[in-house]
Amino acid sequence: MTGKQIEAQAAQPTIYPATTWQQYLLDEATHPDCTDDLRDRFILSNAFLVQPKVDLRRLRRAVEKLRERHDSLRIRLCQIKGKWRAVIDPPHGETIHEVDLGDLDDEDFLPAVSAIANAPMPLIDAPLAEVIVAHCGMRGDVLITRVHHAITDGYGMVVLTEDLTKFLIGLPVTGKAVSHTDYIKRFQSPRPSHAAKTEAFWEALHRDLPPEPNVGRKAKGIEPLSYALGKVDQRQLFCRATPDSLRAFEVRAKAANLSATTLLFAAYLEAICQCYGLDRLMFMVAISRSDPALDTYVGDHTLDPFLPYRSFGSLRIIDAAKALADTFAEAMAHLPSDAARRGTPYQRELIARGCNPSQFSVHQPRAMSRQDRSMFSEGFYAGVGVTQKIGPFTLEALDTSVRRRRFADMRLEAGSAKVRTGFGLSYDGISYTENEARAITDKICDLLDLDLIDTELT
């Protein structure tokens, strides 16, 4: 081919299959019962006030390098010949959008930035990542990044932030990034040599799954949200415990060779069993990336195994946590699998059997392990309102967070390893009452000997 032909070919988009996770989001977004709050919940955004001003030339160059390194940032999801495909655009093109907000007063500043950060992002045939610089007069500039969950997760956002920072300050970015194609080939399905073993493991684990218990919506005579569609009333009950009781809890976990998170998850599942008189239940858990080969991948590696839990009783919470840790370890050794992904035929089969994998879940932010290892970890944990210095610029993280809908009717959320003040219980206010949520949190504290300082309901 001639040079012009090579250039013309490089300028054309390439077409690949969508991942299982992307297919799930597309199926949900086009479902007749999908509401706007569902379509808008999958945006991962950050905003930083930069003073005196953003260096647009340097930022544009860094973003261009980032887009060239990570092809997931260039994905558009389109339907081609009746099938959903990931269309990857070439690296060139406009990378940064500018907005002039002017000199806003303190009352209007954050809402204006938050409106930009959380604006709906179309999933179909549209860019799924964008960088926006909002010029705010004498206050400075606000750097806003928005990425759709279809092409990244919390772990991937740390990879993106770390690489972008290195490009900005001139540090080397080493290693080849895992591409969308690599992911499809290597991580979408189990290796052929392990496929039979993986399938046999999940078949044995799920042979005697409990049916959906008569709690939540089912107990109230309301159709269960098996596929996380329909109307919900999202609420969160956050519980803060005394530092002394939290330290004692962590010492107890360490003495039993358990992570504090696993012990907390066991207490949550046991609390549900105790409060509703159940001997077992099933739940979802967000599994962190365990394969080192995915360390440079920014795409979404969403694995949420559907697992069983059997009650051990109030006096054996350590035994329950050890059994849960064994279940987690075995599940992670048999991934990927359709038994660990939403929207698959396997999930539909479970629901047809009377199970509801979306009823209960446990979650710890998946980015934490990557953040701890990052050379910029102090920056990741700086928090809202903390000013950081990078060369001649100061950066302050802004709180533009909004309440996002959860997948499960009830989910326990553990905090980060460095800021452990308690735990959060997210739940659907249609499925459960405030009294039910408080009864479960009280039982968790009772099982773990945690002394509550206060609770916050939002």
Side-chain angles (χ1 to χ4, degrees), residues 10-23 25-26 29 42-48 54 56 58-78 84-98 116-133 143-168 171 173-188 289 293-302 366-367 370 374 376 380:
Q12 296 299 313
T14 51
I15 301 173
Y16 297 99
T19 65
T20 303
W21 169 245
Q22 290 165 353
Q23 183 71 51
L25 295 183
L26 289 160
F42 292 110
I43 303 166
L44 303 178
S45 62
N46 292 299
F48 295 89
V54 168
L56 279 168
R58 177 176 291 186
L59 178 63
R60 187 169 282 112
R61 187 168 61 244
V63 172
E64 287 171 352
K65 290 180 180 179
L66 195 70
R67 280 170 52 84
E68 186 172 359
R69 175 171 170 80
H70 298 293
D71 64 357
S72 292
L73 294 177
R74 297 180 268 122
I75 286 177
R76 287 181 293 114
L77 297 172
C78 306
W84 292 112
R85 297 298 186 196
V87 178
I88 301 179
D89 291 321
H92 61 74
E94 183 58 46
T95 58
I96 296 174
H97 305 289
E98 294 181 70
I116 296 172
N118 294 293
M121 179 177 278
L123 177 62
I124 299 171
D125 198 16
L128 298 174
E130 61 181 357
V131 177
I132 302 168
V133 174
L143 175 63
I144 302 168
T145 60
R146 287 162 37 86
V147 188
H148 201 288
H149 206 341
I151 59 171
T152 195
D153 53 23
Y155 191 102
M157 286 295 286
V158 176
V159 178
L160 285 174
T161 304
E162 187 172 55
D163 285 357
L164 179 61
T165 304
K166 287 180 178 178
F167 285 136
L168 283 169
L171 289 176
V173 180
T174 59
K176 184 178 180 294
V178 174
S179 69
H180 179 83
T181 316
D182 294 334
Y183 181 78
I184 290 286
K185 289 180 179 178
R186 298 170 57 193
F187 300 99
Q188 178 81 24
R289 298 186 190 186
L294 285 168
D295 272 0
T296 60
Y297 180 58
V298 307
D300 193 298
H301 182 60
T302 296
R366 283 174 276 179
R370 173 76 190 200
S374 171
F376 305 107
F380 285 122

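For this chain, numbers begin at 1 and follow the sequence in order. What's counted below: heavy atoms across the whole structure, side chains too, no hydrogens, waters or symmetry copies.
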Exercise. Do you know the tightest heavy-atom contact between T161 and T165?
Worked result: O-OG1, 2.7 Å
Exercise. Distance from H148 atom NE2 to L73 atom CG, nearest 0.5 Å?
Worked result: 14.0 Å
Exercise. So, do T145 and E130 sit near enough that their side-chain heavy atoms are less than 4.5 Å apart?
Worked result: no
Problem set entry | Check: Q188 side chain, K185 main-chain N or O, donor-acceptor pair, under 3.5 Å | no
Problem set entry | Beyond-backbone contact of D163 with R69, side-chain heavy atoms, under 4.5 angstrom | yes
Exercise. Looking at side-chain heavy atoms only, is the closest gap between T14 and V87 below 4.5 Å?
Worked result: no
Problem set entry | Gap between atom OH of Y16 and atom CD1 of I88 - 0.5 Å precision | 5.5 Å
Exercise. Looking just at side-chain N and O atoms, do Y297 and D153 make a donor-acceptor pair shorter than 3.5 Å?
Worked result: no
Exercise. Quick one: are the ring centres of W21 and H149 less than 6.0 Å apart?
Worked result: yes
Exercise. Between Y183 and H301, is the gap from one ring center to the other below 6.0 Å?
Worked result: yes
Problem set entry | Value rounded to 0.5 Å, distance of CG in N118 from CZ in R146 | 7.5 Å
Problem set entry | Note, I144 side chain near V131 side chain (heavy atom, < 4.5 Å) | no
Exercise. Is the side chain of T152 donor-acceptor paired with the backbone N or O of V298 at a distance under 3.5 Å, no angle test?
Worked result: yes
Seminar exercise, completed: Value for CG (L143) from CG (L59), rounded to nearest 0.5 Å, stands at 5.5 Å
Exercise. Checking side chain to side chain contact (heavy atoms under 4.5 Å, CB included) for the pair L164/K65: CA distance, chi angles, key distance, verdict?
Worked result: CA-CA 8 Å; L164 179 61; K65 290 180 180 179; over 6 Å; no
For this session: Taking atom CZ of R58 as the centre, report whether more than 12 heavy atoms of other residues, nucleotides or ligands fall under 6.0 Å from it.
Result: no
Seminar exercise, completed: Between L44 and G154, the two heavy atoms sitting closest are CD1-N, 4.3 Å
For this session: Can you see which heavy atom on A119 is nearest to which on I43, and at what distance?
Result: O-CD1, 3.1 Å
Exercise. Judged by atom type as modelled, is there a donor-acceptor pair below 3.5 Å linking the side chain of T296 to the main-chain atoms of K176?
Worked result: yes
Exercise. Could you walk me through whether R60 and V63 pass the side chain to side chain contact (heavy atoms under 4.5 Å, CB included) check?
Worked result: CA-CA 5 Å; R60 187 169 282 112; V63 172; 5.9 Å; no
Exercise. Within the distance-only criterion (no hydrogens, no angle test), does the side chain of H180 pair as donor or acceptor with the backbone N or O of P17 below 3.5 angstrom?
Worked result: yes
Exercise. What are the two closest heavy atoms between S72 and I151, and how far apart are they?
Worked result: O-CD1, 3.4 Å
Problem set entry | Closest approach of I124 to W84 (non-hydrogen atoms, all atoms of both residues) | CD1-CH2, 3.7 Å
For this session: Go through the steps for H97 and V133 under the test side chain to side chain contact (heavy atoms under 4.5 Å, CB included), then give the verdict.
Result: CA-CA 6 Å; H97 305 289; V133 174; over 6 Å; no
For this session: Would you give the length of the straight line joining atom CZ of R76 to atom CD1 of I15, rounded to the nearest 0.5 angstrom?
Result: 9.0 Å
Problem set entry | H92 and R67, any side-chain heavy atoms less than 4.5 Å apart | no
Exercise. Does the side chain of L77 come within less than 4.5 Å of R85's, by heavy atoms?
Worked result: no
Exercise. In Å and rounded to the nearest 0.5 Å, what is the CG to CD1 distance from L128 to I75?
Worked result: 7.5 Å
Exercise. Got a donor-acceptor contact below 3.5 angstrom from the Q22 side chain to the A150 backbone?
Worked result: yes
Seminar exercise, completed: In short, A293 meets R186 closest at the heavy-atom pair CB-NH2, 3.6 Å
